[in-house]
Amino acid sequence: MTSKAKRRFKLKMPGAFVILFILTIVAVIATWTVPSGSYAKLAYNQTTSSLQVKDPGGEVHKVPATQKELNKLGVKIDIKKFTSGGITQEISIPSTYQRLKQHPASITKVTTSMVRGTIEAVDIMVFIFVLGGLIGVVRASGAFESGLVALTKKTKGHEFLLIFLVAILMILGGTLCGIEEEAVAFYPILVPVFIAMGYDSIVCVGAIFLASSIGTAFSTINPFSVVIASNAAGINFTEGIGWRVFGCIVAAIFVVGYLYWYSRKVKDNPQFSYSYEDRNTFNSKWSVESTDDSEASFTKRKKIILLLFVAGFPLMVWGVMTQGWWFPTMASSFLAFAIIIMFLTGTGANGIGEKGVVDAFVNGASSLVGVSLIIGLARGINLILNEGMISDTILDFSSALVANMSGPIFIIVMLLIYFVLGFIVPSSSGLAVLSMPILAPLADTVEIPRFVVVTAYQFGQYAMLFLAPTGLVMATLQMLDMQYSHWLRFVWPVVVFLLVFGGGILVAQVLIY
């Protein structure tokens, strides 16, 4: 008599789209249960050279752009921070929070917010589509295959060196200029290389997304994080920079060491991979098949195509860091390279023709539609929370929570508050201008420097952004066909490190100062 084997129930984490859909519904419910409220908002109007104050009810009035008026409002920020363009977004005015009539979202917001969020993210989506099209054309040219064979032969036995260099560059990009969404551009050029070296999807995300985000968590001069937060806190961003440099060095050593441990395990035993069950899907999408004559066919034309493709990335970094480029300009620069590469691929003795290059561009762009939609859906959740006017309520509750605490307890609770706020407001600059004018002055009441609150903001928010589906992580996982559960398994030690090590730095700052 044979007995049937019992089927084991296995809980499977839903995909990115389902997670964001569930969170959209949760956000709608939150607008019914969390009280609505708002702080008065302050902004500088360059046209009239005056300050605009919008009360919680939405009424706007102008006041002279002077330090005296700022002092009257209780905003302890140098007026030059506004007039010089250091602070461009609305900031919250302390002690002005008011409960407002509830703004519950209707069930129709579930779908309308998705559409509106997608529309708001159109600049990033166009950038991703152009990038996908560029990748499609380069793949069609055969330059990837030929170049990959040459590279893997040269790096044989030193595979981790490339991961090390990429991770260090990403950390530097994060700490100096806040490379986050822009890091998406690096996957197409690096992922096929990592696969050829025997690594998995986790290593790809770790070397790019994880490393850049750790750099941003320990921002030194990043204008979108520590600079704008310091401005909103009324201090110079150089305050506490020595602590941040020290923290960034230690964090870089930790992350590179963690990547080395994991990549070596995967290299020795591919089944160790946290994403082993999805390896076939991942490899079929990203690996580049090479033939025996790939290296021999690495013609001058293909070398030029690959050189043009690679050149777009340092150009993008230079534009972001020095010229203030944003997604439309970055998309335009990549499109220029795509057009040149399309001409080189379509013409010549082995050219694939006009239809061939156009089809390759369209197919490449269409392969990243899912990634683009994820970004739009995440934006939709933030729209619901903002229009429900519950973010300021949570901020007011947080400020009351830390009042009159001792210094070390105050800063640890502040770290945890920013950890929670990072889920609600995933934008680093948005959270800075929303919270710093309210929470930074609380440091004065416990006699600690305000830069410590800025540091708590960095550590807390970015510890959450490794996990938060409302941030960039879901778009990254969707791009690489990685399950959220696999990512959680890999990243939780880094989150714990950031909270524990960051908390230690914060307490040390409080005790020393």
Side-chain angles (χ1 to χ4, degrees), residues 13-41 54 56-58 89-92 96-121 373-402 413-439 457 460-475 484 488 495:
M13 181 72 73
F17 283 97
V18 174
I19 291 174
L20 289 175
F21 180 72
I22 293 171
L23 288 176
T24 303
I25 295 173
V26 171
V28 169
I29 295 172
T31 63
W32 287 80
T33 56
V34 179
S36 294
S38 178
Y39 286 94
K41 306 295 182 184
K54 182 169 68 176
Q89 302 179 52
E90 288 184 336
I91 69 165
S92 303
T96 60
Y97 175 81
Q98 289 182 21
R99 283 283 302 275
L100 299 173
K101 181 181 177 182
Q102 200 68 22
H103 286 67
S106 67
I107 192 66
T108 60
K109 285 288 186 180
V110 173
T111 52
T112 57
S113 67
M114 292 178 175
V115 174
R116 290 178 55 207
T118 303
I119 293 171
E120 284 202 0
L373 290 177
I374 287 291
I375 295 172
L377 297 186
R379 289 276 183 97
I381 296 171
N382 301 136
L383 283 175
I384 292 172
L385 296 175
N386 291 337
E387 293 175 359
M389 305 189 77
I390 62 177
S391 299
D392 280 10
T393 299
I394 297 171
L395 181 59
D396 182 65
F397 171 78
S398 301
S399 63
L401 189 66
V402 296
V413 174
M414 192 70 77
L415 173 68
L416 297 177
I417 285 172
Y418 273 113
F419 182 69
V420 174
L421 290 176
F423 182 90
I424 300 167
V425 187
S427 165
S428 57
S429 58
L431 182 57
V433 298
L434 173 71
S435 64
M436 276 301 151
I438 306 300
L439 297 181
Y457 140 82
Q461 185 191 34
Y462 275 92
M464 173 55 76
L465 291 186
F466 286 127
L467 309 171
T470 51
L472 185 63
V473 64
M474 296 308 285
Y484 187 63
L488 286 181
V495 175

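Throughout, residue positions are numbered sequentially from 1 according to the sequence presented.
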- Straight-line distance of Glu387 CD to Met389 CE, nearest 0.5 Å: 10.5 Å

- Asp392 CG to Ser38 OG distance, which is reported to the nearest 0.5 Å: 4.5 Å

- Once you round to the nearest 0.5 Å, how far does CD1 of Ile394 lie from OG of Ser435? 12.5 Å

- Examine distances only and state if a side-chain atom of Gln102 and a backbone atom of Thr31 form a donor-acceptor pair shorter than 3.5 Å. yes

- Query: Do Met114 and Phe21 have side-chain heavy atoms sitting under 4.5 Å apart?
  - Reply: yes

- Item | Atom pair CG (Leu377) and CG (Leu23), whose distance is rounded to the nearest 0.5 Å | 11.0 Å

- Note on the structure: Value for OG1 (Thr33) from CD1 (Ile390), rounded to nearest 0.5 Å, stands at 7.0 Å

- Note on the structure: Heavy atoms of Ala105 and Trp32 approach each other most closely as O-NE1, 2.7 Å

- Do the side chain of Ser113 and the main chain of Leu383 share a donor and acceptor less than 3.5 angstrom apart? no

- Message: Ignoring hydrogens, what is the shortest heavy-atom contact between Thr393 and Gly37? Give both atom names and the distance.
- Response: OG1-N, 3.3 Å

- Which residues satisfy the salt bridge (charged side-chain N to carboxylate O under 4.0 Å, His left out) test with Glu120, sequence neighbours excluded? none

- Message: Has Ser36 got a side-chain atom pairing as donor or acceptor with Gly388's backbone, closer than 3.5 angstrom?
- Response: yes

- First locate atom OH of Tyr39, then atom CD1 of Ile91, and finally report the distance between them rounded to the nearest 0.5 Å. 12.5 Å

- Minimum-distance pair of heavy atoms, taken over all atoms of Ser106 and Val28: O-CG1, 4.0 Å

- Within the side chain of Ser92, is there an N or O that forms a donor-acceptor pair under 3.5 Å with the backbone of Ile438? no

- Item | Nearest atoms (heavy-atom pairs only) where Met436 meets Tyr418 | CE-OH, 3.3 Å

- Would you say Thr111 and Thr24 make side-chain contact, with heavy atoms under 4.5 Å? no

- Do the side chains of Leu467 and Tyr484 get nearer than 4.5 Å, heavy atoms only? yes

- Query: Taking the side chain as C-beta and beyond, is there a heavy-atom pair between Arg116 and Lys109 under 4.5 Å?
  - Reply: yes

